[in-house]
Amino acid sequence: MNTPAHLLIGAAVFSKGGERRLILAALVGALLPDLSLYVLAGVSLQILNIPPRVVFDELYFSDLWQGIFAVDNSFLIWGALLALALWRKSGWAIALTSAALLHLALDFPLHHDDGRPHFWPLTTWVFESPISYWDRAQGALWIAPLEAALSVIAAIVIWWRRPGWALSILMALLLAAELMVARVWMFVFSG
């Protein structure tokens, strides 16, 4: 899924009654599994001036990058952190780790040939799903509208909880980003 969709869905599912602290924790948790990709790609593209083809066709699949992705996309690591949060009875940590796990659960079936090793450190095996959230050749034309619909519903749920004007505006910006990104994936980057 696109990162804005993860943020919206995680915040809607793991925030209670519009509590700002839980919304923010869920937003952070939903972002963390993708953060390393943004940092690595951002530095490579903007600072090191590496061509996008090299970044996304070579570096993305390199042992180094996949090793980093293995850590922040591990069901086992996030599951252990959730267990710790539950043991400590920390509401914000439960929201954060649960949103990260939901992110992984939504990504797992939606990556055709660009998945991550979700069961690290036990294995570096990567599930190759028959469907993709972004590749039209692998079903994105029906996944993207579902993802967009879930994002709209999530934004409405959050707005209904009245989290305050700043978070309401942030949700509107995330929804706009999701709708724009979904369109770009479907019509520009896929064949």
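Computed from a predicted structure; not experimentally measured.
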**OP:** Indicate if F119 and V126 have the same hydrophobic cluster label, given that clusters are the connected sets of ILVMFWY residues with side-chain heavy-atom separations under 4.5 angstrom.
**Re:** no
Original post:
What pairs meet the ring pair (Phe, Tyr, Trp, His ring centres under 6.0 Å) rule with one or both residues in residues 22-65, with sequence neighbours excluded?
Top reply: Y60-F69
Original post:
Quick check: does any side chain N or O of H118 sit under 3.5 Å from a backbone N or O of S74, one acting as donor and the other as acceptor?
Top reply: no
Original post:
Taking W78 for the side chain and D72 for the main chain, is one N or O donor matched with an acceptor at less than 3.5 Å?
Top reply: yes
**OP:** Please name the pair of heavy atoms, one in P117 and one in T124, separated by the smallest distance, quoted to 0.1 Å.
**Re:** CB-O, 3.6 Å
Original post:
Is I153 isolated, or which residues cluster with it under the ILVMFWY side-chain rule of less than 4.5 Å, directly or via members?
Top reply: V157
**OP:** Using modelled atom types only, decide if a donor and an acceptor are shared between the side chain of R161 and the backbone of K16 within a distance under 3.5 Å.
**Re:** no
Original post:
Got a second to check how far L8's CG is from L173's CG, nearest 0.5 Å?
Top reply: 10.5 Å
**OP:** Kindly indicate, with the supporting measurements, whether the criterion side chain to side chain contact (heavy atoms under 4.5 Å, CB included) is fulfilled by L170 and L167.
**Re:** CA-CA 5 Å; L170 177 60; L167 283 173; 4.1 Å; yes
Subject >> Inter-residue atom distance I94.CD1 - L101.CG, 0.5 Å rounding >> reply: 12.0 Å
Original post:
Which distance, rounded to the nearest 0.5 Å, do you find between the CG of L110 and the CD1 of I143?
Top reply: 5.0 Å
Subject >> Set of ring pair (Phe, Tyr, Trp, His ring centres under 6.0 Å) partners for H111, sequence neighbours left out >> reply: Y133
Original post:
For the residue pair L106 and I9, what are the closest heavy atoms and their distance?
Top reply: CD1-CG2, 4.3 Å
Subject >> Single-linkage hydrophobic cluster L81~W92, side-chain heavy atoms < 4.5 angstrom >> reply: yes
Original post:
Which pair of heavy atoms, one from A11 and one from I23, lies closest together, and at what distance?
Top reply: CB-CG2, 4.2 Å
Subject >> Residue that, paired with I68, satisfies side-chain contact (heavy atoms from CB on, under 4.5 Å) out of L37, L40, V39 >> reply: L40
Subject >> Partner residues of E128 under the side-chain hydrogen bond (donor to acceptor under 3.5 Å, both in side chains) criterion, sequence neighbours left out >> reply: none
**OP:** Check I77, L96, T97 against L82 for a side-chain contact (heavy atoms from CB on, under 4.5 Å) and give me the one that passes.
**Re:** T97
**OP:** Write out all pairs satisfying ring pair (Phe, Tyr, Trp, His ring centres under 6.0 Å) with one or both partners inside residues 2-22, taking only residues at least two apart or from two chains.
**Re:** H6-H103
Original post:
More than 12 non-hydrogen atoms from neighbouring residues, nucleotides or ligands closer than 6.0 Å to CH2 on W159, yes or no?
Top reply: yes
Subject >> Hydrophobic cluster identity match, F108 and L76, side-chain contacts under 4.5 Å >> reply: no
Subject >> Single-linkage hydrophobic cluster, 4.5 Å side-chain cutoff, L45 and I47 together >> reply: yes
Subject >> Partners passing side-chain hydrogen bond (donor to acceptor under 3.5 Å, both in side chains) against R88 (at least two apart in sequence or in another chain) >> reply: none
Original post:
Ignoring hydrogens and geometry, is there a side-chain-to-backbone donor-acceptor pair from N73 to P33 under 3.5 Å?
Top reply: yes
Original post:
Counting distance only, does the side-chain N/O of S44 pair as donor-acceptor with the main-chain N or O of A41 below 3.5 Å?
Top reply: no
Subject >> Shortest non-hydrogen contact from P4 toward A177 >> reply: CG-CB, 4.0 Å
Original post:
Around D63, counting heavy atoms of other residues, nucleotides and ligands shown, do more than 12 lie under 6.0 Å from its CG?
Top reply: no
Subject >> A5 to E147 - nearest heavy-atom pair and separation >> reply: CB-OE2, 3.5 Å
Subject >> Hydrophobic cluster identity match, L24 and I169, side-chain contacts under 4.5 Å >> reply: no
Original post:
Is there a donor-acceptor pair under 3.5 Å between the side chain of D107 and the backbone N or O of M1?
Top reply: yes
**OP:** Quick one: closest heavy-atom pair of H112 and S132, and the distance?
**Re:** CB-CB, 3.9 Å
**OP:** Could you tell me the separation between the OG1 atom of T3 and the CG atom of D34, rounded to the nearest 0.5 Å?
**Re:** 3.5 Å
